[in-house]
Every structure is written in C-alpha cells, then in structure tokens.
Amino acid sequence: MRIFHLSAECYPVAKVGGLADVVGALPKYQNLLGMQAAVVMPYYNRKFVQENEFDVVFKAATLLGTRRLYFEILKEKTDKLGFELYLVKIPGLIDREEVYQYPDETDQFIAFQIAFLDWISYSMQSPDIIHCHDHHSGLVPFLLQNSKLYTRLANTPTVLTIHNGQYHGWFGWDKLYYLPEIDVWKGGLLEWGTGINPLAAAVRCCWRYTTVSPSYLNELSVSSNGLELLFQMERWKGIGILNGIDTDVWDPQKDPMIPDKFSIKQITKGKQANKQALCKRFGLSPDKPLISFIGRLVGEKGADLLPVAMEESFNEHPGQFNFLLLGAGEKDVESELIQLRDFYPDQCAVFIGYDEALAHLVYAGSDFLLMPSRVEPCGLNQLYALRYGTMPMVRSTGGLKDTVIDFGDEGGYGIRYNHASVEDICGAVTRALMLYGNTKHLQQLQKLMMALDFSWDRSAKEYIDLYKSLNPTI
Ligand code: ADP
Ligand code: GLC
C-alpha cells in the first residue's frame, strides 16, 4: 500500500512542534508493518537539507493564478529516516529557512499543494491513500474531487489528520483564482464564514478525518475556533487515534542528547545525574524538586498563566522548589518570564528559544513537567516526560486527559487538574511538593511511568486499518 503523507513539518527535517514528531515517526512505523509510506513536504533551507543528498525526481512548471512557477520534486537519496522523503522546491517561494509566518504563507502552501498534485497526476506513481496533516494540505481533498486537472486521481481516498483545529489557513476570495479551475458552484465547499477555509474544505471533502486523541474528537464540536457546527455535522466521519512516540528518538537508555543514560532499573541514579547536569547549567540547586515547562509560549499552552502562578507558588513555598522553562512565543509572555527569573534568580531559570537537545535533558533531569494547556489535541511532552520518569502535571483536556491518570486514582501516575487557571496550577504545585517529600512513593510512581507503553505500534496499525477500510483493493 502506497501512502503519501503531506505535511508542513517533519522531524528532523523541519520542526516547530509535535506535528513534526508525528510525521517523522508514523510513516516509519507504518513501513515496519509492511506499508510503503512516504512524506512529501515543502523544501526548507535548513541543516537537514544542507547536510543530505537529494535526487531531482520531477521538474515542471505550474500556475499560481497568473504566476508561472517552476518547481522540482527532490527525493532524499538513502531513505535514512525509514521512509521516502520528498521535498517540493519552488525557487523564490518555497526554498526559505523558516516553516511559518512569511507574509506570503498562503501562496506558499497553495503552491505546495498544486505542485504535489501536478507531480502525482503526471507521474506513474499513483498513491493508494493520500494522508493530509492539518490545513497546510487541506485543499488537496477538495482539488482531487473538484478540479478537472486531477480527474485521474479523483477516486484516491484521502485522510485528514487534525493536529490543531485552532488554525484553519483562512484566506480571502480574492485568491480563489490561485486554484486550478473548478466549477463555480463547487466554491461553497471551500467556504466557511467570510472566505476560503482550507481546514473546513478538508473536513468536508476528505474521506475520513482523524484527531490525534479520542477526547479531542469530541472537543472540536464545542471548541474549534468557529468550526464547531461543521464538526457537529461531519462527526460521523471522524475517528480519534491517539498519537504515539518514536521510542528510538526518545529512549533514556540510548539518548545521545543526555549525559547519563538510564533504564528503569537505574532510574533514581540516572535521573539524579541528569538533574545535576541540568541544574548546573542553569545555576539551580539539584537538591530541590525541579518543575519544568517546555513548549510554545502561546495561549493554547496556558503559558501566560505561568508568571503569576510561579510567583504565587514561590511565595507560598519559599525556597522549596525550582522552576525551569524552555520555550519561545508571545513576546509579552517571554518578557514577563524573564522578569520572573530576574526576581527569583536562585529558583527560576528561563531559556527563551528552541533547543532540541536541551529539551531532551529537561525531560530527563526534571522531577515534574507542567502542562496547563487550554487546548491540547494530544500533547507529546507528557508522553516524553513519562518515558523519562518525569511526572506530568496536566490540565484535564484533550490528549492530556487520555494519557495521564492522576496518582490519586487507581493505577495513576500523574497530577491532573480541571482548570487552566493560576489557582489550579498552584494547587498542582503543592501536590507535587508533597509527593516529592514522600521519596518512596515518588520512586514507585517513576517506575510505573517508565514502564508505560505509548509507542506507535498500536496507533500505526489503527491508521492502516482505516486506510484498508477506504481502499478495499489493497
Ligand atoms: P505542540 O505541537 O502543540 O507544540 P506537542 O506537545 O505535540 O505540542 O509537541 C511539542 C514538541 O516540540 C515536543 O517535541 C517538544 O519537546 C518540542 N518543543 C516545544 N518547544 C520547544 C523548545 N522551545 N525547544 C525544544 N523543543 C521544543
Ligand atoms: C499539535 C497539537 C499537539 C499535538 C501535535 C501532534 O501541534 O497542538 O497537541 O500533540 O499537534 O499531533
């Protein structure tokens, strides 16, 4: 079965968040189950692309409205990632360094999708399934069904995975002419609100859509940045499939990014050694409990709550714990966090920026990982934390609810709270510190966490079962 995953991100080629981790892992695990899964993504002028060799497998010109674009499809030569990797390169439009936030981002993603469709409709390699991820490839299911250019592929089943229903890729009707010709009356499929909404079009036109956790499937019908009604109507098409983690990349026994490797048997010693390295780097005492946060500093993650919540917790438990944050995002949140660090230099460390290796060390060397998310479609941080014996402190929402059981409940191993609020975060900190005081109990729970299995094996199979239900010829 030949599957093309279409995505804006893929680890280790280009990563902004969890989308990259999923698209960098799922195809690999599908291939281990006998599939032929490949990834197609935009070309980014970044380290991975500069350090690896590619063949040009297709070259053509296409149109974005009246603009003629020459594009190339590049294939990584060795398949070293465990899947075929294809990059769509369009000089002057899709050949830059950053993944998002260019002023012509809409043009970039429309052109990416058109180039992909042109390529597969001309080449002999028809896929059995096209698997789109988020709105960046959301026009593909619509165009396959409604553009005369691609009629040869009109019966190819499409699956859409929604990693984040908050972002829709909205653009105005003035850009309709960018799309290959469609019958005018089909335009309604693109519309939501006052313009063209690629995520809405994808939900309508895909054969099935999935969400990255079962709880998130239900939540979209009540909270999806304006698409609630659409999700209520199209609910029958949706399936919740929980993300897994790449246990080759995230393995405390072999992780080259942490100084002290450890298995479940050496958990106490291993975590302590990594904590020492981490605390030394940031000038914190390794003898105090360490609560950390990793992530995008945006409202979805509840990052704006952290400065006040930490300040209150520092005052409530003076000198009793340390807080470390690794993240980047909204400038006012960044600046409040820096002020917090400057005010509590012995208890608080803040690293503004993106650092993959440091993230591994934070998972390994922290005692607790705080995730006060307002929205969390799945969340991978808590799964990485668990694998490294670090207790997640999560708000009960989305994938956090599906993966973390409170240690006060039967079989539990984490800390859960109901509201993304300062009060609930402070309550969770108090519980964490009480637990930390009971060394034996915490150690038991750490062993339990490390033994949990959130690998891709089960979920990769669930996707394959879904594909088979859509394409019985396979
Ligand atoms: P999201 O995709 O919404 O950001 P996820 O929990 O699914 O959230 O995944 C976040 C991923 O990005 C994880 O791999 C996490 O370790 C990583 N990450 C987030 N922020 C940073 C950062 N500042 N430095 C390094 N890694 C980060
Ligand atoms: C999104 C979500 C996150 C999820 C990730 C991977 O970025 O915000 O919750 O884990 O995608 O599916």
Side-chain angles (χ1 to χ4, degrees), residues 5 7-12 14-26 99-100 131-136 160-167 199 209-217 219-220 223-225 240-247 249-250 255 257-258 292-303 306 324-330 333-334 337 349-364 366 369-388 390 392 394-395 397-404 454 456 459 463:
H5 288 273
S7 172
E9 298 179 38
C10 173
Y11 179 83
K15 170 169 169 179
V16 175
L19 170 63
D21 289 1
V22 170
V23 176
L26 172 61
V99 179
Y100 304 118
H131 191 147
C132 304
H133 295 266
D134 278 349
H135 71 81
H136 319 102
L160 165 74
T161 292
I162 302 173
H163 298 261
N164 196 330
Q166 296 295 304
Y167 303 104
L199 188 68
Y209 70 89
T210 69
T211 56
V212 288
S213 69
S215 287
Y216 192 54
L217 180 63
E219 289 174 10
L220 282 173
S223 170
S224 45
N225 208 4
I241 302 181
L242 191 68
N243 280 339
I245 60 171
D246 190 331
T247 45
V249 176
W250 299 94
D255 193 334
M257 298 187 217
I258 62 173
S292 297
F293 173 97
I294 300 176
R296 296 180 291 120
L297 302 178
V298 294
E300 280 167 58
K301 302 287 178 192
L306 292 172
L324 188 155
L325 177 137
L326 163 62
E330 289 166 9
V333 178
E334 288 182 358
L337 286 162
V350 171
F351 183 104
I352 300 293
Y354 187 92
D355 187 330
E356 191 72 28
L358 178 56
H360 283 245
L361 180 58
V362 174
Y363 291 120
S366 303
L369 188 85
L370 188 56
M371 297 182 74
S373 305
R374 291 192 175 88
V375 182
E376 199 60 83
C378 177
L380 297 172
N381 296 15
Q382 80 280 15
L383 304 181
Y384 300 145
L386 289 167
R387 184 134 167 93
Y388 286 73
T390 297
V394 305
R395 180 187 166 224
T397 187
L400 299 176
K401 198 158 87 182
D402 293 346
T403 53
V404 178
F454 284 107
W456 268 110
S459 303
Y463 279 110

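Note that the structure is predicted; figures quoted are calculated from it, not measured. Numbering of ligands and ligand atoms starts at 1, following listing order.
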Next on the checklist: Only heavy atoms of Asn164, strictly under 4.0 Å: list the atoms of ligand 2 that pass.
Outcome noted: 8 (O)

Item to check | Any donor-acceptor pair under 3.5 Å from Ser366 side chain to Val362 backbone | outcome: yes

Checklist entry - Closest non-hydrogen protein atom to atom 8 (O) of ligand 2, residue and atom name please, with distance? => result Pro377 CD, 3.5 Å

Checklist entry - What atoms in ligand 1 come closer than 4.0 Å to a heavy atom of Gly327? => result 23 (N)

Checklist entry - Of all the heavy atoms in Tyr384, does at least one lie under 4.0 Å from an atom in ligand 1? => result yes

Checklist entry - Which of the atoms in ligand 1, numbered in the order shown and given with their element, are less than 4.0 Å from a heavy-atom of Gly353? => result 22 (C), 23 (N)

Next on the checklist: Run the side chain to side chain contact (heavy atoms under 4.5 Å, CB included) test on Glu376 and Tyr216 for me, step by step, so that the C-alpha distance in whole Å, both residues' side-chain angles and the decisive distance to 0.1 Å come before the verdict.
Outcome noted: CA-CA 8 Å; Glu376 199 60 83; Tyr216 192 54; over 6 Å; no

Checklist entry - Is any side-chain heavy atom of Ile245 closer than 4.5 Å to a side-chain heavy atom of Asp21? => result no

Checklist entry - Who passes ring pair (Phe, Tyr, Trp, His ring centres under 6.0 Å) against Tyr388, sequence neighbours left out? => result none

Next on the checklist: I'd like to know if the side chain of Ser213 and the backbone of Pro377 have a donor-acceptor N/O pair within less than 3.5 Å.
Outcome noted: yes

Checklist outcome for this item: ligand 1 atoms nearer than 4.0 angstrom to some heavy atom of Gly17 are 2 (O), 4 (O), 11 (C), 12 (O)

Checklist entry - Are side-chain N/O atoms of Tyr363 and Asn381 paired as donor and acceptor at under 3.5 Å? => result yes

Checklist entry - Among Glu356, Arg296, Glu300, which residue places a heavy atom closest to atom 4 (O) of ligand 1? => result Arg296

Item to check | Min heavy-atom dist Phe351 to ligand 1 below 4.0 Å | outcome: no

Checklist outcome for this item: Under 4.0 Å between heavy atoms, the region of Asn243 that gets near ligand 2 turns out to be side chain

Checklist entry - Under the 3.5 angstrom rule, does the side chain of Arg296 hit a backbone N or O of Lys301 as a donor-acceptor pair? => result no

Checklist entry - Of all the non-hydrogen atoms in the protein, which one sits nearest to atom 13 (C) of ligand 1, and at what distance? => result Asn381 OD1, 3.3 Å

Item to check | Passing candidate, side chain to side chain contact (heavy atoms under 4.5 Å, CB included) with Val394, options Leu370, Leu369, Val404 | outcome: Val404

Checklist outcome for this item: Taken to the nearest 0.5 Å, the spacing of Cys378 SG from Asp402 CG works out to 8.0 Å

Checklist entry - Any N or O of Gly18 that comes nearer than 3.5 Å to an N or O of ligand 1? => result yes

Checklist entry - With no hydrogens and no angle check, do the side chains of Glu356 and Tyr354 hold a donor and an acceptor under 3.5 Å apart? => result yes

Next on the checklist: Tell me the protein heavy atom at minimum distance from atom 1 (C) of ligand 2, and give that distance in Å.
Outcome noted: His163 O, 3.1 Å

Checklist entry - For atom 5 (P) of ligand 1, which protein heavy atom lies nearest, and how many Å away is it? => result Leu380 N, 3.7 Å

Checklist entry - Can you list the atoms of ligand 2 that are under 4.0 Å from a heavy atom of Gly18? => result 5 (C), 6 (C)

Next on the checklist: Under the criterion side chain to side chain contact (heavy atoms under 4.5 Å, CB included), I'd like the reasoning laid out for Glu330 against Val298: C-alpha separation, chi angles, the key distance, then a yes or no.
Outcome noted: CA-CA 6 Å; Glu330 289 166 9; Val298 294; 4.0 Å; yes

Checklist entry - Does Ala25 offer a backbone N or O that forms a donor-acceptor pair with the side chain of Asp246 under 3.5 Å? => result no

Next on the checklist: Tell me if a side-chain donor or acceptor on Asn164 pairs with a main-chain N or O of Gln166 at a distance below 3.5 Å.
Outcome noted: yes

Item to check | Contact check, Lys301 vs ligand 1, heavy-atom distance below 4.0 Å | outcome: yes

Item to check | Under 4.0 Å to a heavy atom of Ala359 - the qualifying atoms of ligand 1, by number | outcome: 25 (C), 26 (N)

Checklist entry - Does ligand 1 have an atom that lies less than 4.0 angstrom from a heavy atom of Gly295? => result yes

Item to check | Nearest neighbour in protein (non-hydrogen) for atom 3 (C) of ligand 2 | outcome: Glu376 OE2, 3.4 Å

Checklist entry - Given side chains that start at C-beta, do those of Leu306 and Pro372 come closer than 4.5 Å, heavy atoms only? => result yes

Checklist outcome for this item: Within 4.0 Å of some non-hydrogen atom of Asp21, the atoms of ligand 1 are 13 (C), 14 (O)

Next on the checklist: Among all protein heavy atoms in this structure, tell me which lies nearest to atom 24 (N) of ligand 1, with the distance rounded to 0.1 Å.
Outcome noted: Asp355 N, 3.1 Å

Next on the checklist: Would Val212 count as being in polar contact with ligand 2, using the rule that some N or O on each side must be under 3.5 angstrom apart?
Outcome noted: no

Checklist entry - So is Lys15 close enough to ligand 1, meaning a heavy atom under 4.0 angstrom away? => result yes

Checklist outcome for this item: When distances are taken from atom 27 (C) of ligand 1, the protein heavy atom at minimum range is Tyr354 CE1, 3.4 Å

Checklist entry - Of all the heavy atoms in Gly379, does at least one lie under 4.0 Å from an atom in ligand 2? => result yes

Next on the checklist: Is there a polar contact between ligand 1 and Tyr363, counting only N or O atoms under 3.5 Å apart?
Outcome noted: yes

Item to check | For Val22, the ligand 2 atoms whose distance to one of its heavy atoms is below 4.0 Å | outcome: 6 (C), 12 (O)

Checklist entry - For Leu19, does its backbone N or O pair with a side-chain atom of Glu9 as donor and acceptor, under 3.5 Å? => result no

